[in-house]
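Worksheet: the structure to be examined is printed underneath.
In listed order, ligands and their atoms are each counted from 1. Bear in mind that the values here come from a model prediction, so they are computed numbers and not experimental data.
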Amino acid sequence: MNESHSCFEEGKLKIVSRVQGGVAFRNGELCFPKNFYFGVATASYQIEGAWNVSGKSESIWDRYTHEHPERIFDHKNGDVAADSYHRFREDVKLMADLGVKYYRFSISWPRVLPTGLANEINEDGIRYYRELINELNRNKLMALVTMYHWDLPQSLQDLGGWTNPIMADYFVDYARVLIKSFEDMRVDWITFNEPLSFCQAGYGGMDAPGANASGFEDYLCGHNVLRAHGMAYRMYKREFPHLNGAMGITIDMGWQEPATTSPEDQEAAETARQFYFGWFANPIFSKTGDYPAVMRKRVDEASRQQRYPRSRLPTFTAEEVEYMQGSADFLGLNHYTTYLISPKKGKISPQPSFVEDAGIYSTQKEDWPKTNSTWLRVVPWGFRKALNWIKRTYENPIVLITENGVSTPPGLHDRRRTAYILSYLRALHAAIALDGCRVVGYTYWSLIDNFEWTRGFSERFGLYEVDYSSPNKTRTARESVKFFSHIAKTGCLPTLNWVAQFQN
Ligand code: GBH
């Protein structure tokens, strides 16, 4: 019996229930299962530019970078970035050359709905994304579209942004506009990119909108994002059953390894996984449809000790639990690196904080190879462990790797990128072939260099370099392009001899 490993069928990300592992060798190369797809990713604010062009309104990242250039490492912003709004045909050509099967990009909400609400649709915004998807399809590339990769309309932030429960309804309205606008095209959907990042860093840290209310607003944000996701998924399945497309959510997970084998460190590492990943995964992918028990317990307890009459972590209604539980066709996973975890000693601080609630202390090992991003060290075995933990914890869900990648110094010689991808893909291959994890695709972050949020343009994740000083924002292939396109085209990991040919 022929079993398809992939959820991509007939150009759609179509979920199949049975998956087959097994190791395949072809021409001396280690190969991924047939129909395992490779893609590349970007996000609107990071590459589009055209921040105030053709009816687009202001996003929270426009506002934040304009008002607080000092909070961005190089004091720059995404006003122009790689100018992909004007140069998307060139970008599609790069992807066609690479030989990838799909493009994961995101839609700028304020470009499509300038008021943030569905009362007024900016036709030029819709036209831009329709042309992009058409261009992809003409080049036999599929579209995997993120609805929200952090660029909220400023007008909605003025209402409190994700801390306001009404946002769940507004998000559903926005999602409906998108699905309708591309109803006649091949599209699969990701509702949110990394809620942990934008809730925790946006409402409790240094990202836009720059709210400094950890332990409160980050939880409110998470709560409403989860509700928004569940409601949007039900709306999609109810109102558009004929589309037969897939919808999932992307959650990021670094691997949390216990600092030592002591029971205390092991327990702290598991608590960290539940706070940093389970926070968003548990309500959707576990049978409970609710926050992880350890998170509920710790935040409730800390809130009590701080004399709040109710927990800082909100509670879902039975109806919310019902629509969130199981509300995804696949789990999008962003994975980059690994941390060592130990418990944070001492009494609970009087000041509310997410990290204090989790009660963990996180470091990285000095001898793990460094990269051009301070937070990112090369630890490929953590990828395999993370995938196995997900398999165990959520009954082996369908997983799509929606981001994995590394930054390198400026220039085209990026053997560290090749080494990173090779080592992480070997770990991924083992997770699939040897451990039976149901992973159906791998998306490299990123196609091109882009605006790295508070790190500005200082960190370069692109397979293609962008020359920001040139008027055309010239894209040039780095050495790793040859390597990655071999993988994308054959589905196999090249031998080291093959890799050595073009590395000097
Ligand atoms: C992804 O997040 C994003 O989805 C993507 O937009 C981004 O371009 C890509 O990473 C590469 O950075 O500086 O110690 O405070 C990855 C998860 C979470 C990684 C926040 C960086 C900052 C750590 N990110 N983290 S620190």
Side-chain angles (χ1 to χ4, degrees), residues 39-48 59-61 65 71-74 76 78 81-82 84 104-108 144-152 190-208 210 212 214 218 225 249-256 272 275-277 279-280 332-340 354-355 360-364 368 370-379 382-383 386 400-408 417 420-421 424 443-463 466:
V40 286
T42 63
S44 47
Y45 184 70
Q46 296 181 270
I47 63 160
E48 280 179 5
S59 79
I60 55 172
W61 275 93
T65 55
R71 297 204 191 160
I72 311 299
F73 180 77
D74 55 8
K76 300 241 164 79
S84 204
R104 176 183 176 226
F105 64 93
S106 82
I107 290 182
S108 158
L144 178 61
V145 184
T146 312
M147 294 174 164
Y148 187 80
H149 201 126
W150 309 357
D151 42 358
L152 188 73
I190 292 167
T191 51
F192 290 97
N193 179 69
E194 295 191 0
L196 173 81
S197 294
F198 72 82
C199 287
Q200 232 260 293
Y203 294 86
M206 287 301 286
D207 282 8
N212 195 7
S214 182
D218 40 10
V225 165
I249 182 168
T250 283
I251 312 177
D252 58 310
M253 185 190 205
W255 174 243
Q256 278 104 352
F275 267 78
Y276 285 77
F277 187 78
W279 180 8
F280 295 100
L333 178 70
N334 290 358
H335 177 86
Y336 287 88
T337 195
T338 287
Y339 301 92
L340 289 180
F354 172 81
V355 179
I360 58 116
Y361 179 69
S362 126
T363 55
Q364 289 183 309
W368 293 343
K370 286 185 175 171
T371 67
N372 248 41
S373 302
T374 49
W375 55 276
L376 206 176
R377 286 176 188 256
V378 186
V379 196
F383 194 15
L400 177 61
I401 307 305
T402 42
E403 283 180 34
N404 173 249
V406 72
S407 64
T408 52
R417 177 167 289 101
Y420 179 96
I421 297 175
Y424 273 70
T443 322
Y444 181 78
W445 179 276
S446 173
L447 173 67
I448 52 177
D449 288 341
N450 54 59
F451 183 77
E452 269 295 327
W453 311 109
T454 55
R455 304 300 299 168
F457 295 106
S458 69
E459 294 182 13
R460 292 170 178 265
F461 281 80
L463 290 164
V466 174

Query raised in the report: Parallel, tilted or perpendicular for W445 and H149, by the 30°/60° rule?
Result: parallel

State, without any angle test, whether [X] and [Y] hold a side-chain donor-acceptor pair at a distance under 3.5 Å.
X: S106; Y: S44; value: yes
X: T337; Y: Q364; value: yes
X: N404; Y: Y420; value: yes
X: N372; Y: T408; value: no
X: T454; Y: R71; value: no
X: Y45; Y: T65; value: yes

Query raised in the report: Given W453, which of F73, F461, W150 fulfils the ring-ring contact (aromatic ring centres under 6.0 Å, His included) condition?
Result: W150

Heavy atom of the protein closest to [atom] (residue, atom name, distance):
atom: atom 20 (C) of ligand 1; answer: S197 OG, 4.5 Å
atom: atom 9 (C) of ligand 1; answer: Y336 OH, 3.3 Å
atom: atom 17 (C) of ligand 1; answer: E194 OE1, 3.4 Å
atom: atom 1 (C) of ligand 1; answer: E403 OE1, 3.1 Å
atom: atom 12 (O) of ligand 1; answer: E452 OE1, 2.8 Å

Evaluate [X] for polar contact with ligand 1, using N/O atom pairs at a separation under 3.5 Å.
X: W375; result: no
X: N193; result: yes
X: N450; result: no
X: W150; result: no
X: D252; result: no

**Report entry** Ring centroid separation Y148 to F198 under 6.0 Å
**Finding:** yes

Query raised in the report: Atoms of ligand 1 less than 4.0 Å from Q46 heavy atoms?
Result: 5 (C), 6 (O), 7 (C), 8 (O)

Requested in this report: Any atoms of ligand 1 less than 4.0 Å from a non-hydrogen atom of H149? List them with their elements.
Outcome: 4 (O), 5 (C), 6 (O)

Query raised in the report: Does R455 come within less than 4.0 angstrom of ligand 1, counting non-hydrogen atoms of the residue?
Result: no

Query raised in the report: Can you tell which part of E459 has a heavy atom less than 4.0 Å from ligand 1: side chain, backbone, both or neither?
Result: neither

